[in-house]
Amino acid sequence: MAARDAGIASAVADAVEQAGSLPVRGADAEQLALLPADRAPTKAEVDALPRGRGRPRGAKNRATGAWRDYLASRYTHPLETLAAIQSTPADVLAAQLGCKPIEALAVIKSAAAELAPYMEGKMPVAVDLSVKGDLTLAIEGLTHTAQEIAGLVEAEFVDVDPLQPDFEENQSLTHGDREASE
């Protein structure tokens, strides 16, 4: 077994020697211009290069983590505070705050709104892409001339509430009919 391990180690050493050093990528790659162009830098050379100010990319801010750990060991988590406020009955919270129950209800609603994203994901926004009525595709030089497109773009559009009783009548009203009725 030892001879096999020695053979593998020897093969790996030969492969590393033949491959040479590997090129460096990322933030240290900018420093390559400072080295001779005939070879890629070794890891030791890269480690010896001066580093820019601040912490390296991807490194965690130790001070923020230390503060978070310190505060978490001594105080209630802010989400727990929000949950406690949100679950307190409005009359009890009003007595504690010395305010009217309606004002306490606003505080409870605010706490619930702040807490909700941690409890439930945001609902997707519904987009209605259905087209009601006629749809005109206008492509200059293909379906319409530039003048026709200008006329379409400059046309007057009117918002119509589909809940109005005269909605059907509005649907069939043309521009000329509209001017006559006004």
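Within the model, atoms CD1 of Ile85 and NZ of Lys109 stand 16.0 Å from one another, a figure rounded to the nearest 0.5 Å. Here Arg74 contributes atom CZ and Asp69 contributes atom CG; the two are 10.5 Å apart, rounded to the nearest 0.5 Å.
Cluster partners of Leu79, by chain and number: Leu82, Leu115, Tyr118, Met119. The rule joins Ile, Leu, Val, Met, Phe, Trp and Tyr whenever side-chain heavy atoms lie under 4.5 Å apart.
Under the 3.5 Å distance criterion, the side-chain polar atoms of Ser110 are left unmatched by any main-chain donor or acceptor of Ala106.
The side-chain contact (heavy atoms from CB on, under 4.5 Å) check on Tyr75 picks up Leu71, with sequence neighbours excluded. With sequence neighbours left out, the side-chain contact (heavy atoms from CB on, under 4.5 Å) criterion links Ser87 to no other residue. For Ser73, there are no side chain to side chain donor-acceptor pair (under 3.5 Å) partners at least two apart in sequence or on another chain. With sequence neighbours excluded, the residues that form a side-chain contact (heavy atoms from CB on, under 4.5 Å) with Ala90 are Leu105, Ile108. Residues passing the side-chain contact (heavy atoms from CB on, under 4.5 Å) test with Lys100, sequence neighbours excluded: Ile102, Glu103.
Considering all non-hydrogen atoms of both residues, Thr145 and Glu140 come closest at C-CG, 4.5 Å. Pairing each heavy atom of Gln86 with each of Ala112, the nearest pair is CG-CB, 3.5 Å.
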